[in-house]
Amino acid sequence: MKRPAKPTKKENITILAIETSCDETAGAVLVGRILNKKPEFKFLSSVVNSQIAIHKKTGGVVPEVAARAHMTNIMPVINETLKKAKITLADLDYIAVTSGPGLVVSLIVGTEFAKGLSLSTNTPLLPTNHMEGHLYSAFAKRASEIKFPVLSMIVSGGHTMLVLMQSYKKYKVIGSTVDDAAGEAFDKIARLLQLPYPGGPEISKLAKKGKQDVNFPRPMMNMPNFDFSFSGLKTAVLYYIEKLTKNGKLKLTAQNKADIAMSFQNAVVDVLLTKAIKASKKYKCKTITLSGGVAANQPLREALRQACADHKMKFVVPDHELCTDNAQMIALAAYFHLFNGGRPKTTSKVKADPAWEIH
Ligand code: KG4
Ligand code: ZN
């Protein structure tokens, strides 16, 4: 029997979400109501298989290695996701898959796997944007209590974005990075300090031991727009290291490294905080949300939490497991797509699209 392409009048719909855009193979099951006035959903399971141990050896993600690992992991991850949710493929109403943006070879694994599953089980397919996943991840808890307009700050390994949300459906990207993303900057500085991959958590761990702030530049912080730039900051750190080490003739001390990590982190947090508050004032936002891998950064979370309290705004940040890549956020973006009246796409027409940007 062919399943309907439109949402049915069924009370609850069940979505299996699949995420393979970078170096995490992940699955999640969400059940929710899409015909309600207010969003209502819960997660039945979430499984994340991280490839960090593999990519540590090369100090970063090698796309072909990531894709090969996704191929090995995807079946077991999806089986475990369904098992943990105590459901079978026959219970699914929709399959959601990250089809962009991301590493093309990684995206292809998840997308083609999802297409095969969709065709063989006659289940409608929802190609889902990874950045929409990060955007909606902030709605994972008490979504119906979030007050609009919302200023959403998304800071990940590939993106830095400010998104103005007027409703669950209507959003607009009002600022993004002109060069490196915030997470990418953390990873690059970590490499300069010979810290392991991924650099973000290592930098913030080391920053706790910092004593003296070097006062690195805050690029674009006082420009009237909401765009970001982090490559100049990276260069400033590089020059500072070259000066301290006399162009590599000397070694950085442990304290030098901690001071650099702290000063770099302070500069990034300062820029992100200043721009977020400026944008939220301009657009009279009632809530600021913070998501993406860099949202796991404690000083950034605390700085935004404090600033929101000072400016009488609500602050929402997902739990750590929802900040870094996972499939729950993909299930959520797919859920809100349906909740907002969106429809699945013809399975055969779905393609991995590494350059799929939101606007
Ligand atoms: O969202 P995500 O898991 O993957 C992408 O979509 O890019 O973000 C990964 C990024 C990496 O650059 C990683 O270094 C950074 O998030 N990250 C952090 C922290 N934890 C992860 N950056 C700063 N502080 C952290 N605690
Ligand atoms: Zn991500």
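On a predicted model such as this, the values are computed, not experimentally measured, just so you know. Counting starts at 1 for both ligands and their atoms, in listed order.
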Keeping the roles fixed (side chain from [X], backbone from [Y]), state whether a donor-acceptor pair exists under 3.5 Å.
X	Y	answer
Ser118	Ala114	no
Lys84	Leu44	no
Lys115	Val350	yes
Asp270	Asn266	no
Ser45	Thr81	yes

Would Cys22 count as a contact of ligand 1 if the rule is a heavy atom under 4.0 Å away?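 The answer is no, since Cys22 has no heavy atom less than 4.0 Å from ligand 1.
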For ligand 1, which part of [X] has a heavy atom less than 4.0 Å away: the side chain, the backbone, both, or neither?
X	result
Gln298	neither
His134	side chain
Pro201	both

Are a donor atom and an acceptor atom from the side chains of [X] and [Y] found within less than 3.5 Å of each other?
X	Y	value
Thr98	His130	no
Tyr197	Asp23	yes
His134	Asp325	yes
Asn326	Glu19	no

Within the 4.0 Å heavy-atom shell around [X], which atoms of ligand 1 are there?
X	result
Gly183	12 (O)
Ala296	20 (N), 26 (N)
Thr324	3 (O)
Gly158	7 (O)
His130	6 (O)

Restricting to non-hydrogen atoms, name the atom on Ser106 and the atom on Cys22 that form the minimum distance, rounded to 0.1 Å.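 Closest heavy-atom pair between Ser106 and Cys22: OG-O, 3.2 Å.
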Any N/O/S atom from His130 (main chain or side chain) under 2.8 Å of the Zn ion (ligand 2)? yes
Would you say the Zn ion (ligand 2) has Cys22 as a near neighbour, meaning an N/O/S atom of that residue under 2.8 Å away?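 Under 2.8 Å: Cys22 has no N, O or S contact with the Zn ion (ligand 2).
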Starting from [atom], what is the nearest protein heavy atom, named by residue and atom, and what distance separates them?
atom	answer
atom 3 (O) of ligand 1	Asp325 N, 3.0 Å
atom 9 (C) of ligand 1	Gly157 N, 3.8 Å
atom 24 (N) of ligand 1	Asn297 ND2, 3.0 Å
atom 17 (N) of ligand 1	Gly293 O, 3.5 Å
atom 14 (O) of ligand 1	Asp187 OD1, 2.7 Å

Working for salt bridge (Lys or Arg N to Asp or Glu O under 4.0 Å), residues Lys211 and Asp259: CA-CA 6 Å; Lys211 287 186 184 149; Asp259 288 345; over 6 Å; no
Tell me whether Lys141 is salt-bridged to Asp319, with the criterion being a basic N under 4.0 Å from an acidic carboxylate O. yes
Which atom name would you report as the N, O or S atom of His134 nearest the Zn ion (ligand 2)?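 Distance check against the Zn ion (ligand 2) picks out NE2 in His134.
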With the Zn ion (ligand 2) as the reference point, give the N/O/S atom of Asp325 that is nearest.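 For Asp325, the N/O/S atom sitting closest to the Zn ion (ligand 2) is OD1.
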Gly200 to ligand 1: N or O pair under 3.5 Å?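 Right, the criterion is met.
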